[in-house]
Amino acid sequence: MRRRISALALTAAMAGGVLLTALPAQAVPVTGVHAMDSGSTQVAIGRLRQQSERLKAEADRLDGAGDHAGADRDRAQAHAIDEKIQALLDAEHNNGPIGGWSSVSG
């Protein structure tokens, strides 16, 4: 009995995943920074910059305290945030995909 319920639950979950991947891109609700208007994106970029600066300051503090591994970790996180900021700015200015390439040949 338990095997049947597990198998049915697994089948239902897989079918749900297939349905979600089969939906066209226009039908999927978009959330997050990319769905915001230009003004809201600027606010999100400002918050990301603040977070990056906090991480860099914390990395400097950790470096001074001798925790070089922790400092490297915080610097890596700050670098990733900086790259995300640059990708958002590039997408906003170019109206192109964030990855910098498009699957549409032209």
Side-chain angles (χ1 to χ4, degrees):
M1 182 69 178
R2 284 188 176 178
R3 287 187 183 175
R4 282 189 189 152
I5 293 174
S6 298
L8 288 174
L10 179 63
T11 304
M14 289 175 59
V18 170
L19 289 176
L20 286 177
T21 58
L23 289 174
Q26 294 84 3
V28 177
V30 180
T31 60
V33 174
H34 307 296
M36 296 179 182
D37 63 342
S38 176
S40 298
T41 304
Q42 291 298 326
V43 172
I45 289 173
R47 286 185 191 155
L48 288 173
R49 282 189 176 136
Q50 287 176 348
Q51 186 178 5
S52 174
E53 290 302 318
R54 271 189 242 120
L55 284 167
K56 289 175 186 175
E58 179 66 14
D60 290 341
R61 188 192 68 75
L62 289 172
D63 228 359
D67 185 8
H68 301 296
D72 290 342
R73 188 173 42 249
D74 282 351
R75 282 191 187 98
Q77 287 178 347
H79 181 71
I81 291 171
D82 291 341
E83 286 182 343
K84 183 176 183 176
I85 291 169
Q86 190 59 48
L88 288 169
L89 290 173
D90 289 346
E92 185 174 298
H93 293 298
N94 296 330
N95 268 347
I98 288 186
W101 57 273
S102 175
S103 61
V104 177
S105 61

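A side-chain donor-acceptor contact under 3.5 Å links Asp90 and Gln86.
In this structure, the separation between NE2 on His68 and CG on Asp63 is 5.5 Å, given to the nearest 0.5 Å. Going from atom CZ of Arg49 over to atom CD1 of Ile45 covers 6.5 Å, rounded to the nearest 0.5 Å. Rounding to the nearest 0.5 Å gives a distance of 7.5 Å between CG of Asp82 and CD of Glu53. Rounding to the nearest 0.5 Å places CD of Gln77 at 12.5 Å from CZ of Arg54. With rounding to the nearest 0.5 angstrom, the CZ atom of Arg73 is 6.5 Å from the CG atom of Asp67.
In plain terms, the two heavy atoms of Ile81 and Leu48 that are nearest each other are CG2-O, 3.3 Å. In terms of heavy atoms, Ser52 sits closest to Ala78 at OG-O, 3.6 Å. The minimum heavy-atom distance linking Ala71 with Ala59 is given by the pair CB-O, 3.3 Å.
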